[in-house]
S.K.: 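The structure under discussion is supplied below as structure tokens; questions concerning it will follow.
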Amino acid sequence: QVQLEESGGGLVQAGGSLRLSCVNSGRTFSYYGLGWFRQAPGKERELVAAISWTGTSTYYADSVKGRFTISRDNAKNTVYLQMNGLKPEDTAVYYCAATKVGGVRRERYEYDYWGQGTQVTVSS
């Protein structure tokens, strides 16, 4: 079983940076695709970034392209989301997720395991 736990959220001013981490405390997710989603109040949960099990393929939502970077360390069972140039509209609860499919997946239903989320708040 994969058990995901996010950390690294917090309050930051616009233009600042945060690095989110998601550690898997269960069985290895080395062969799983991974993703970071976010959900703002009153909005649908949306995919922010995704990465294949090898780390060689990635996907970014247009709204974060050039500002966010997803990466993974399979030896540490951890996936990261480096967020630079944060904007107030990035405020949301951020969730990491794992899919048994090893490639990049873009839809919520394709992910099998979810963390509890970490709050990111960007002040203007």
Side-chain angles (χ1 to χ4, degrees):
Q1 188 78 343
V2 172
Q3 295 178 309
L4 305 173
E5 182 173 359
E6 304 93 339
S7 62
L11 173 63
V12 64
Q13 289 188 333
S17 298
L18 283 174
R19 188 194 196 201
L20 304 183
S21 299
C22 175
V23 177
N24 171 32
S25 59
R27 61 176 292 178
T28 180
F29 60 25
S30 295
Y31 302 105
Y32 289 29
L34 300 171
W36 284 97
F37 289 74
R38 68 185 180 189
Q39 187 166 18
K43 294 190 176 181
E44 295 285 320
R45 191 173 298 188
E46 62 174 357
L47 178 65
V48 173
I51 189 167
S52 63
W53 75 274
T54 60
T56 56
S57 295
T58 57
Y59 165 83
Y60 295 95
D62 287 343
S63 58
V64 306
K65 207 171 288 185
R67 300 188 296 123
F68 291 11
T69 302
I70 187 171
S71 62
R72 66 189 295 165
D73 186 335
N74 288 341
K76 295 182 178 179
N77 249 0
T78 303
V79 60
Y80 305 96
L81 185 68
Q82 177 67 44
M83 305 186 295
N84 300 327
L86 283 161
K87 305 175 181 180
E89 51 263 44
D90 294 319
T91 295
V93 177
Y94 284 70
Y95 300 88
C96 70
T99 170
K100 295 176 183 177
V101 176
V104 170
R105 288 295 178 263
R106 303 186 185 186
E107 302 297 333
R108 283 183 59 182
Y109 71 85
E110 296 181 288
Y111 285 81
D112 303 290
Y113 304 98
W114 293 84
Q116 293 299 307
T118 184
Q119 176 70 47
V120 171
T121 304
V122 184
S123 63
S124 57

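In this chain, residues are counted from 1 in sequence order.
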S.K.: Quick check for you: to the nearest 0.5 Å, what is the distance between D112 atom CG and R105 atom CZ?
M.R.: 11.0 Å

S.K.: Who pairs with T91 by side chain to side chain contact (heavy atoms under 4.5 Å, CB included), at least two apart in sequence or on another chain?
M.R.: Q119, T121, V122

S.K.: Considering all heavy atoms of both residues, which atom of P88 and which atom of A14 are nearest to each other, and what is their separation?
M.R.: CD-CB, 4.1 Å

S.K.: Can you name the closest pair of heavy atoms from L4 and C22 and give their distance?
M.R.: CB-SG, 3.8 Å

S.K.: Could you report the tightest heavy-atom contact between I51 and S71, atom names first, then the distance?
M.R.: CD1-CA, 3.8 Å

S.K.: Decide yes or no for Y31 and N74: does some side-chain heavy atom of the first lie under 4.5 Å from some side-chain heavy atom of the second?
M.R.: no

S.K.: Name the one of Y95, Y59, Y94 that satisfies side chain to side chain contact (heavy atoms under 4.5 Å, CB included) with V48?
M.R.: Y94

S.K.: Over all heavy atoms of both residues, which pair between L47 and A61 is shortest? Give the atoms and the distance, please.
M.R.: O-CB, 3.6 Å

S.K.: Within this structure, what is the OG1-CG distance for the pair T58 and L34, rounded to the nearest 0.5 Å?
M.R.: 12.5 Å

S.K.: Mark yes when over 12 heavy atoms from residues, nucleotides or ligands other than E89 sit less than 6.0 Å from its CD; otherwise mark no.
M.R.: yes

S.K.: Tell me which pairs pass salt bridge (Lys or Arg N to Asp or Glu O under 4.0 Å) where either residue lies in residues 51-63, with sequence neighbours left out.
M.R.: D62-K65

S.K.: Mind checking the CD-CD1 spacing from Q82 to I70? Nearest 0.5 Å is all I need.
M.R.: 12.5 Å

S.K.: Nearest 0.5 angstrom please: Y32 OH to N24 CG, how far?
M.R.: 8.5 Å

S.K.: Heavy-atom distance under 4.5 Å between the side chains of R19 and Y80, does that happen here?
M.R.: yes

S.K.: Between the side chain of T56 and the main-chain N/O of T54, is any donor-acceptor distance below 3.5 Å?
M.R.: no

S.K.: Which pair of heavy atoms, one from Y60 and one from A49, lies closest together, and at what distance?
M.R.: CD2-CB, 3.7 Å

S.K.: Would you check if V120 and M83 make a side-chain contact, meaning some heavy-atom pair closer than 4.5 Å?
M.R.: yes

S.K.: So, does R72 use its side chain to make a donor-acceptor pair with the main chain of S52 at under 3.5 Å?
M.R.: yes

S.K.: Can a donor-acceptor pair be found, under 3.5 Å and without considering hydrogens, that links the side chain of E6 to the backbone of Q116?
M.R.: yes

S.K.: Roughly how far, to the nearest 0.5 Å, is the CD atom of E110 from the OG1 atom of T99?
M.R.: 6.5 Å

S.K.: Does the side chain of R38 reach to within under 4.5 Å of the side chain of L20, using non-hydrogen atoms?
M.R.: no

S.K.: What distance separates R67 CZ from K87 NZ, expressed to the nearest 0.5 Å?
M.R.: 4.5 Å

S.K.: With a 4.5 Å cut-off on side-chain heavy atoms, are L86 and F68 touching?
M.R.: yes

S.K.: Find out whether N77 and T28 are in side-chain contact, i.e. whether some heavy atom of one side chain is under 4.5 Å from a heavy atom of the other.
M.R.: yes

S.K.: Which label fits Y111 and F37: parallel for a plane angle under 30°, tilted from 30 to 60°, or perpendicular past 60°?
M.R.: perpendicular

S.K.: Could you tell me which non-hydrogen atom of V93 sits nearest to which non-hydrogen atom of G117, and how far apart they are?
M.R.: CG1-CA, 3.8 Å

